[in-house]
Trainee: 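The structure follows.
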Amino acid sequence: MNTSNPETETAAAPSPESRPSNFLRDAVLEDLKTNKFGGRVQTRFPPEPNGYLHIGHAKAICLDFGLAAEFGGHTNLRFDDTNPEKEETEYVDSIMQDVKWLGFEWSGLFYASDYFDQLYAWAVQLIKAGKAYVDDLSADQIRKYRGTLTEPGKDSPFRNRSIEENLDLFERMRAGEFPDGARVLRAKIDMASPNFNLRDPVMYRILHADHHRTGSKWCIYPLYDFAHGQSDSIEKVTHSMCTLEFEDHRPLYNWFIKELGIFPSQQYEFDRLNLTYTLLSKRKLLQLVRDGRVNGWDDPRMPTLSGLRRRGYTPEAIRNFCGAVGVSKTTGSIELAMLEHFVREDLNKRAPRAMAVLRPLKVVIDNYPEIQTEEMEAVNNPEDPSAGTRKVPFSRVLYIEQDDFREIPPPKYFRLSPGREVRLRYGYFVTCKSVVKDAKGEVIEVHCTYDPATRGGNNPPDGRKVKSTIHWVSAAHAVDAEVRLYENLFTKEDPNHTEEGQDFTVNLNPNSLEVLACCKVEPSLASPAPGSRYQFERLGYFCVDHDSAPGKPVFNRTVALKDTWAKVEKKTEKNK
RNA sequence: UGGGCCGUCGACUAAUGGUAGGUCAAGUGCCUUUGGAGCACUUUGUCUAGGUUCGAAUCCUAGCGGCCCAGCCA
């Protein structure tokens, strides 16, 4: 992989005054003021390698890396790999790639599994202190003993084993003497606590499974609660930020740190990102991949970073979005339109323009010389003069968009129709004189005349104006292309909202992918580099897919341009 | 139902006892060789009820509403 891709430039640390405040930043500021951590700010991004990163993780990444960078601190990438049954190196690799692509550099690369020996020693320490015990209850029995929301739990009959027996049993758990699920190690806290996390939480379970890094060395594995806080502590993380659902775990996080007497990292919680019309649950995303509802983790309809990348999103757009979204503790859902705004904003500045016709309609310019071809000069990016210009061939037979012609124009429709004159961008003014129809009465060919005084698409000397400019491709020079159009993967704002007994897959949008196989693009687009992005004039932003072959490009539509006409049309449709 | 957390324009988020502001969305106009982009303007908000205070989105009390927790997942 080319890691020096210029696009993955590192995200700059934002200047403090340019940043809107939020409660996390305020907390850091306060800690700096009181010198709580000796002026240090250190964070970590702790994904479990059990799936691909998505836009929700991007928010966490921007926060973890952004906050540390702002105050001159460091951020580690740490894989929370305590569950060998769900974790794979494929995920580790993709996560590293995605973090880099987003534009962040980690200081240290760690794995919770790096700490298994230390964690084991700490477990022994707690046993010796009478703070942990081996429980022989089954998973089912443990659940029953745990109590309910209103009733306290009951002590396990094994809760008061001797330290020696606990030590012996735990050692034998590690040695592989017992089958999966036979025993667990539990913290001895309080079975009557109103917080379930403190009702003697399980610290270790027996799992005879190979781990992606430690292989068969272990057959007991620590649980999240007995690994995360200590991992933070080992790395001397000062501000450990996680999502709201871990709020109830904070007392336990602190309990282990206190009982072990280790570096006191502080946990903070913020609201996870929710986006309308999209699902941000690794479990459900995995289900879509496994069931073939999408074409892999990097399907351009997926909210994964790899999917968004393939769709044409830029790291900068995603970072800007994450910054704009803010951070708080209120549970809410961001409108997808906000994400789309930030790609448009970024791509408008940087994407070269090109002309492409998605649904071609043949246009013949009757008074244009049959054998003639002209090279028209087109601006590559009106937002960026340094992008220069290019030549686009013009000739007698062209393709225009079917949408850009109406035999009977509706009100406020300004494009081509019989008798009407429009501008061909960078071409000429043309006037529609007649049409040719097929047996079904569909218009298959439009005949026009052009005005030689409008070369380049310029207004003629007589001051004549035209209400519309349309794009086109010269038929003789056109390159065939495939274009993939995407819509929301789900039809409901909240894909999880379903009738009783149904699951989220009923909300899948059957029209989320439309493949246009016979598109016509200008010759400069014959063999574009995969991953490069263009604005197709008047249509939207498109990204070259890696399915492309030389001379046979494939484009993914990132997002359409804002379409005022579509709005007008919709409105008049409604008023009918 | 026990516990934890949270309620500010349609969405997200600021205001840290002293002018309710920003972004997105929506709407209007200007401009335009993209019905793009840009520019200008506009609409809409402090969950409710009491209280403290010269002054409350902010503090207090009580309601109401939402989210999370009963994995040997993270």
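For the numbers below, each heavy atom of this structure counts, side chains included, while hydrogens, waters and symmetry mates do not. Note that the structure is predicted; figures quoted are calculated from it, not measured.
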Trainee: Sub-3.5 Å donor-acceptor pair from the side chain of A:Ser113 to the main-chain atoms of A:Asp81, do we have one?
Mentor: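 The answer is no, because no donor-acceptor pair under 3.5 Å joins these two groups.
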Trainee: Identify, with sequence neighbours excluded, every residue that meets side-chain hydrogen bond (donor to acceptor under 3.5 Å, both in side chains) alongside A:Lys349.
Mentor: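 If we apply the side-chain hydrogen bond (donor to acceptor under 3.5 Å, both in side chains) test to A:Lys349, skipping adjacent residues, there are no hits.
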Trainee: Check the distance between B:U13's C1' and A:Leu273's CG and give it to me in whole angstrom.
Mentor: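 Whole-Å distance recorded here is 14 Å.
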Trainee: Of the options B:A74, B:G35, B:A14, whose atoms approach the side-chain atoms of A:Asn22 most closely?
Mentor: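 Ranking B:A74, B:G35, B:A14 by closest atom to the A:Asn22 side chain puts B:A14 first.
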Trainee: Side-chain N or O of A:Arg423 versus OP1/OP2 of B:U34: is the shortest distance under 4.0 Å?
Mentor: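 No.
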Trainee: Using Watson-Crick or G-U wobble pairs with both distances under 3.5 Å, give me RNA chain B in dot-bracket, 5' to 3', with [ ] for crossers and | for pairs to another strand.
Mentor: .((((((..((((....[..)))).(((((.......)))))....(((((..]....))))))))))).....
Trainee: Kindly say whether the aromatic ring centers of A:Tyr253 and A:His249 come within a distance under 6.0 Å.
Mentor: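 Between A:Tyr253 and A:His249, the centre distance exceeds or equals 6.0 Å.
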Trainee: Could you tell me whether the side-chain ring of A:Phe414 sits stacked on the base of B:G35, using a centroid cut-off under 5.5 Å and a plane angle under 30°?
Mentor: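 Aromatic stack with B:G35 present for A:Phe414.
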Trainee: A:Thr389: what forms a side-chain hydrogen bond (donor to acceptor under 3.5 Å, both in side chains) with it, not counting sequence neighbours?
Mentor: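 side-chain hydrogen bond (donor to acceptor under 3.5 Å, both in side chains) check on A:Thr389 returns A:Glu377.
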Trainee: On a whole-Å scale, what distance lies between the P atoms belonging to B:G3 and B:G22?
Mentor: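 The answer is 42 Å between these two P atoms.
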Trainee: Considering every strand and a 4.0 Å limit on heavy-atom distances, what is the contact class for A:Leu137: base, sugar-phosphate, or nothing?
Mentor: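 If one applies the 4.0 Å heavy-atom cut-off, A:Leu137 turns out to touch a base.
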Trainee: Counting the atoms with a prime plus P, OP1 and OP2 as sugar-phosphate, which does A:Asn197 contact under 4.0 Å by heavy atoms, base, sugar-phosphate, or nothing?
Mentor: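 If one applies the 4.0 Å heavy-atom cut-off, A:Asn197 turns out to touch nothing in the nucleic acid.
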Trainee: Measuring from the side chain of A:Thr330 (C-beta onward, heavy atoms only), which nucleotide among B:A15, B:G7, B:G35 has the closest atom?
Mentor: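 Looking only at side-chain atoms, A:Thr330 lies closest to B:G7.
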Trainee: Side chain of A:Lys567 only, please: which of B:A26, B:A70, B:U16 is the nearest?
Mentor: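 Nearest nucleotide to the side chain: B:A26.
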Trainee: Taking the six-membered ring of A:Tyr120 (Phe, Tyr or Trp), confirm whether the NZ or CZ of A:Arg174 is under 6.0 Å from its centre and within 45° of its axis.
Mentor: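 Verdict for A:Tyr120: a cation-pi partner in A:Arg174.
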Trainee: Which one, B:U34, B:C72, B:C73, comes nearest to the side chain of A:Val184?
Mentor: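 Closest of the options to the side chain of A:Val184: B:C72.
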Trainee: Is a donor-acceptor contact shorter than 3.5 angstrom present between the side chain of A:Arg415 and the base of B:G35?
Mentor: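 Answer yes: a donor N or O sits under 3.5 Å from an acceptor.
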Trainee: Is there a donor-acceptor contact under 3.5 Å linking the side chains of A:Thr314 and A:Glu316?
Mentor: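 No - no donor-acceptor pair under 3.5 Å links their side chains.
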Trainee: Do any N or O atoms of the protein come closer than 3.5 Å to N or O atoms of nucleotides 21-24 of chain B, and which pairs are they?
Mentor:
none

Trainee: Under a 3.5 Å threshold, yes or no: a donor from one side chain and an acceptor from the other, between A:Asp64 and A:Thr43?
Mentor: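 Side-chain D/A pair, A:Asp64 to A:Thr43: absent.
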Trainee: Applying ring-ring contact (aromatic ring centres under 6.0 Å, His included) to A:Phe542 and A:Tyr534, what does each step give before you reach the verdict?
Mentor: CA-CA 5 Å; A:Phe542 293 79; A:Tyr534 296 90; 9.6 Å; no
Trainee: If you measure only the distance, is there a donor-acceptor pair under 3.5 Å linking the side chains of A:Tyr52 and A:Glu90?
Mentor: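 Judged by distance alone, the side chains do pair up.
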Trainee: OP1 or OP2 of B:U13 versus the side-chain N and O atoms of A:Ser328: is any pair under 4.0 Å?
Mentor: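 True: A:Ser328 side-chain N/O within range (under 4.0 Å) of B:U13 OP1/OP2.
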Trainee: Using a cut-off of 4.0 Å on non-hydrogen atoms, how would the nucleic acid contact of A:Gly181 be classed: base, sugar-phosphate, or nothing?
Mentor: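 A:Gly181: base contact, heavy atoms under 4.0 Å.
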Trainee: For the side chain of A:Lys571, counting heavy atoms from C-beta on, which of B:G35, B:U28, B:C12 is nearest?
Mentor: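 The answer is B:U28, which lies nearest to the side chain.
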Trainee: If you only use heavy atoms from C-beta on, which nucleotide in B:C73, B:U34, B:A70 is closest to the side chain of A:Arg538?
Mentor: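 Of B:C73, B:U34, B:A70, B:U34 is nearest to the side chain of A:Arg538.
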Trainee: Examine B:C5: is either OP1 or OP2 under 4.0 Å from a nitrogen or oxygen in the side chain of A:Thr331? Give yes or no.
Mentor: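 For B:C5, neither OP1 nor OP2 has a side-chain N or O of A:Thr331 closer than 4.0 Å.
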Trainee: Of the nucleotides B:A70, B:G35, B:A74, which one has an atom closest to the side chain of A:Tyr224?
Mentor: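 So the nucleotide nearest the side chain must be B:A74.
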Trainee: From the set B:C72, B:G71, B:C68, return the single nucleotide nearest to any side-chain atom of A:Arg143.
Mentor: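 Closest nucleotide to the A:Arg143 side chain: B:G71.
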Trainee: Checking contacts here: which listed nucleotide (B:C12, B:C69, B:A14) is nearest the side-chain heavy atoms of A:Val325?
Mentor: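 From the listed options, B:C12 comes nearest.
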Trainee: Quantified in whole Å, what is the C1' atom distance between nucleotide B:A57 and nucleotide B:G21?
Mentor: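 B:A57 and B:G21 have their C1' atoms separated by 13 Å.
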Trainee: For B:U8 and B:C41, measure between their P atoms and round to the nearest Å.
Mentor: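 One P to the other, the span is 28 Å.
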Trainee: Using a 4.0 Å heavy-atom cut-off across all strands, classify A:Pro251 as base, sugar-phosphate, or nothing.
Mentor: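 No contact.
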Trainee: Round to a whole Å and report the spacing from CD of A:Glu401 to P of B:U34.
Mentor: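 Atom CD in A:Glu401 sits about 17 Å away from atom P in B:U34.
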Trainee: Using OP1 and OP2 only, check whether a side-chain N or O of A:Arg25 sits under 4.0 Å from B:U13.
Mentor: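 False: A:Arg25 side-chain N/O out of range (4.0 Å or more) of B:U13 OP1/OP2.
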Trainee: Which part of the nucleic acid does A:Tyr428 contact within heavy-atom distance under 4.0 Å: base, sugar-phosphate only, or nothing?
Mentor: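 Since no nucleic acid heavy atom lies under 4.0 Å of A:Tyr428, the category is nothing.
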Trainee: Does A:Arg183 reach a base, just sugar-phosphate, or nothing at all? Heavy atoms under 4.0 Å.
Mentor: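 Counting heavy atoms under 4.0 Å across all strands, no contact is made by A:Arg183.
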Trainee: Does A:Glu383 get its side chain close enough to the base of B:G36, under 3.5 Å, for a donor-acceptor pair?
Mentor: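 Checked by distance alone, the answer is yes.
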Trainee: Base, sugar-phosphate, or nothing for A:Ile142, non-hydrogen atoms under 4.0 angstrom?
Mentor: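 Base contact.
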Trainee: Look at all strands and tell whether A:Tyr204 reaches a base, only sugar-phosphate, or nothing, counting heavy atoms closer than 4.0 Å.
Mentor: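 Nothing, no nucleic acid heavy atom in range.
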Trainee: When the nearest nucleotide of RNA chain B is assigned to A:Gln535 and to A:Gly332 on a heavy-atom basis, which residue is associated with the more 5' position?
Mentor: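 That would be A:Gly332.
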Trainee: Atom NZ of A:Lys144 to atom P of B:G71: distance rounded to whole Å?
Mentor: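 The answer, rounded to whole Å, is 12 Å.
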Trainee: Nearest-Å distance, CZ (A:Phe23) to C1' (B:U58)?
Mentor: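 Atom-to-atom, A:Phe23 to B:U58, this comes out as 17 Å.
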Trainee: For residues 196-206 of chain A, which residue pairs pass the salt bridge (charged side-chain N to carboxylate O under 4.0 Å, His left out) check, not counting sequence neighbours?
Mentor: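 Non-adjacent pairs meeting salt bridge (charged side-chain N to carboxylate O under 4.0 Å, His left out): A:Arg159-A:Asp200.
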Trainee: Please work out if A:His471 contacts a base, only the sugar-phosphate, or nothing of the nucleic acid, heavy-atom cut-off 4.0 Å.
Mentor: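 Contact class for A:His471: none.
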Trainee: Does A:Ser468 reach a base, just sugar-phosphate, or nothing at all? Heavy atoms under 4.0 Å.
Mentor: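 Nothing: the residue A:Ser468, judged by heavy atoms under 4.0 Å, touches no strand.
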Trainee: Any base atoms under 4.0 Å from A:Asp225, or only sugar-phosphate, or nothing? Heavy atoms, all strands.
Mentor: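 A:Asp225: no heavy atom of the nucleic acid under 4.0 Å.
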Trainee: If you go through the side-chain atoms of A:Asp248, does one of them form a donor-acceptor pair with the base of B:G3 closer than 3.5 Å?
Mentor: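 Looking at the base of B:G3, it does pair with a donor or acceptor on the side chain of A:Asp248 (distance under 3.5 Å).
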Trainee: Ignoring hydrogens and angles, state whether a donor on the side chain of A:Glu235 or A:Tyr115 is under 3.5 Å from an acceptor on the partner side chain.
Mentor: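 Yes.
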Trainee: Distance check: side-chain N/O of A:Thr276 vs OP1/OP2 of B:A11, anything under 4.0 Å?
Mentor: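 Result: no.
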Trainee: Please work out if A:Val379 contacts a base, only the sugar-phosphate, or nothing of the nucleic acid, heavy-atom cut-off 4.0 Å.
Mentor: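 No contact at all - A:Val379 keeps every heavy atom at 4.0 Å or more from the nucleic acid.
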Trainee: How far does the P atom of B:G18 sit from the matching atom of B:U32, given to the nearest Å?
Mentor: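 Their P atoms lie roughly 47 Å apart.
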Trainee: Any chance the side chains of A:Glu374 and A:Tyr428 put a donor and an acceptor closer than 3.5 Å?
Mentor: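 Result is yes, a qualifying pair exists.
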Trainee: Counting any heavy atom closer than 4.0 Å, what does A:Thr469 reach on the DNA or RNA strands: base, sugar-phosphate only, or nothing?
Mentor: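 Sugar-phosphate only.
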Trainee: Without decimals, in angstroms, what is the distance between A:His249 NE2 and B:C5 C1'?
Mentor: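 So the NE2-C1' distance, A:His249 to B:C5, works out to 13 Å.
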Trainee: Does A:Tyr221 reach a base, just sugar-phosphate, or nothing at all? Heavy atoms under 4.0 Å.
Mentor: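 Contact class for A:Tyr221: none.
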Trainee: Please classify the glycosidic conformation of B:G36 as syn (within 90° of 0) or anti (everything else).
Mentor: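 Nucleotide B:G36 adopts anti.
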Trainee: Mind checking side-chain hydrogen bond (donor to acceptor under 3.5 Å, both in side chains) for A:Arg172 and listing every partner two or more places apart, or none if nothing turns up?
Mentor: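 With neighbours one apart ignored, the set is A:Asp168, A:Glu177.
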Trainee: By nearest atom, which of the nucleotides B:U33, B:G3, B:A15 is closest to the A:Arg425 side chain?
Mentor: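 Taking heavy atoms from C-beta onward, the closest nucleotide is B:U33.
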Trainee: Output yes when A:Glu421 and A:Arg464 qualify as a salt bridge under the 4.0 Å nitrogen-oxygen rule, no when they do not.
Mentor: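 Judged by the 4.0 Å cut-off on N to carboxylate O distance, A:Glu421 and A:Arg464 do form a salt bridge.
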